[in-house]
Enquirer: 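The structure under discussion is supplied below as structure tokens; questions concerning it will follow.
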Amino acid sequence: CSFAALLLSSRCSRAATRVSIGCTSRRPWCTLVAAPFVRAFGLNGFLVLHVLLMAGVCVAGYCFLAARSRPGPALAFTLAFVGATCVPVYLVMLTPEVFNFALVFFAYFLWLYKEVAPRPPKMLAGGGSTALAALLLGVATYSKPSHALLIAPIVCWCWYRRRFWQ
């Protein structure tokens with residue numbers, strides 16, 4: 001399945017060219033997030049969305065690493081992590097892989113940032129960020145069922161720290 005099945009339907013008149021986004025029932029979140037970008041930028045909206053998601057991943061990765069290391073190495077490791085994987089190839093493809101990667105990355109950031117930062121912001125310090133991380137992993141799992149295993153570390157960590165109801 002592709003990120004969205006793009007159906008170009010042209011009517012008889014000159015100005016009546018329309019782009020509609022169709023999506024499989026497993027991936028409605030991809031369509032909901034991508035639809036405003038496709039509406040604003042046409043087919044380039046997918047590229048804009050993917051670039052924004054990757055920029056967010058880079059910012060989150062930098063913030064995570066800069067909490068315990070100097071800014072220069074944090075930036076270098078973040079760019080190496082993102083650039084040395086196959087993720088840049090998926091930036092230009094119309095697949096949900098960048099969306100899923102960003103969801104999982106943001107989920108793990110929300111869960112682990114409070115563990116590494118000396119004084120995390122109030123928004124990221126409590127159990128709400130862990131619950132939001134679980135929600136993001138749930139959305140990623142709905143899109144790709146194999147991501148269900150990624151919730152296990154959060155559950156085990158909460159069990160180990162006895163933070164079930166925090």
Enquirer: Please indicate whether F77 has more than 12 foreign heavy atoms, meaning atoms of other residues, nucleotides or ligands, lying under 6.0 Å from its CZ.
Expert: no

Enquirer: Assess whether side chain to side chain contact (heavy atoms under 4.5 Å, CB included) is satisfied between T85 and F101, documenting all intermediate values.
Expert: CA-CA 11 Å; T85 61; F101 172 72; 5.6 Å; no

Enquirer: I'd like to know whether H50 forms a side chain to side chain contact (heavy atoms under 4.5 Å, CB included) with F99, so could you lay out the CA-CA distance, the side-chain angles of the two residues, the decisive distance to 0.1 Å, and finally the verdict.
Expert: CA-CA 7 Å; H50 286 171; F99 182 74; 5.6 Å; no

Enquirer: Minimum heavy-atom separation for V98 and V87, please, with both atom names.
Expert: CG2-O, 4.4 Å

Enquirer: Quick one: closest heavy-atom pair of Y62 and P71, and the distance?
Expert: OH-CB, 3.2 Å

Enquirer: How many angstroms lie between CZ in R70 and CG in L75, if you round to the nearest 0.5 Å?
Expert: 13.0 Å

Enquirer: Just how far is it from atom CG of L91 to atom SG of C86, taken to the nearest 0.5 Å?
Expert: 10.5 Å

Enquirer: So, for A107 and L137, which heavy atoms are closest and what is the spacing to 0.1 Å?
Expert: CB-CG, 3.6 Å

Enquirer: Under a single-linkage definition using a 4.5 Å side-chain heavy-atom cutoff for Ile, Leu, Val, Met, Phe, Trp and Tyr, are V89 and L49 assigned to the same hydrophobic cluster?
Expert: yes

Enquirer: Rounded at 0.5 Å granularity, tell me how far CZ in F105 sits from CG in L110.
Expert: 11.0 Å

Enquirer: Within the 4.5 Å heavy-atom criterion, are F106 and V57 side-chain neighbours or not?
Expert: yes

Enquirer: Quick one, E97 with K144, criterion side chain to side chain contact (heavy atoms under 4.5 Å, CB included). Give me CA distance, side-chain angles, the key distance, then yes/no.
Expert: CA-CA 9 Å; E97 303 310 320; K144 192 170 186 179; 3.5 Å; yes

Enquirer: Please name the pair of heavy atoms, one in F46 and one in A34, separated by the smallest distance, quoted to 0.1 Å.
Expert: CE2-CB, 3.8 Å

Enquirer: Would you compute the distance between atom CG of L103 and atom OG1 of T141 and round it to the nearest 0.5 angstrom?
Expert: 9.5 Å

Enquirer: Once rounded to the nearest 0.5 Å, what's the spacing between atom CZ of F109 and atom SG of C63?
Expert: 5.5 Å

Enquirer: Ignoring hydrogens, what is the shortest heavy-atom contact between S69 and A74? Give both atom names and the distance.
Expert: OG-CB, 3.7 Å

Enquirer: Would you sort out whether L65 and F81 count as a side chain to side chain contact (heavy atoms under 4.5 Å, CB included), showing the intermediate values?
Expert: CA-CA 11 Å; L65 291 174; F81 175 76; over 6 Å; no

Enquirer: Are V33 and V59 connected in a single hydrophobic cluster, I mean Ile/Leu/Val/Met/Phe/Trp/Tyr linked by side-chain heavy atoms less than 4.5 Å apart?
Expert: no

Enquirer: Which value, rounded to the nearest 0.5 Å, describes the distance between L53 atom CG and Y90 atom OH?
Expert: 15.5 Å

Enquirer: Tell me whether Y108 contacts the main-chain N or O of L150 through its side chain, where contact means a donor paired with an acceptor under 3.5 Å.
Expert: yes

Enquirer: Say whether Y160 and L112 are linked into one hydrophobic cluster, either directly or through other cluster members, by side-chain heavy-atom distances under 4.5 angstrom.
Expert: yes

Enquirer: According to side chain to side chain contact (heavy atoms under 4.5 Å, CB included), who are the partners of V48, at least two apart in sequence or on a separate chain?
Expert: F37, F41, L52

Enquirer: What are the two closest heavy atoms between T130 and K114, and how far apart are they?
Expert: OG1-NZ, 2.9 Å

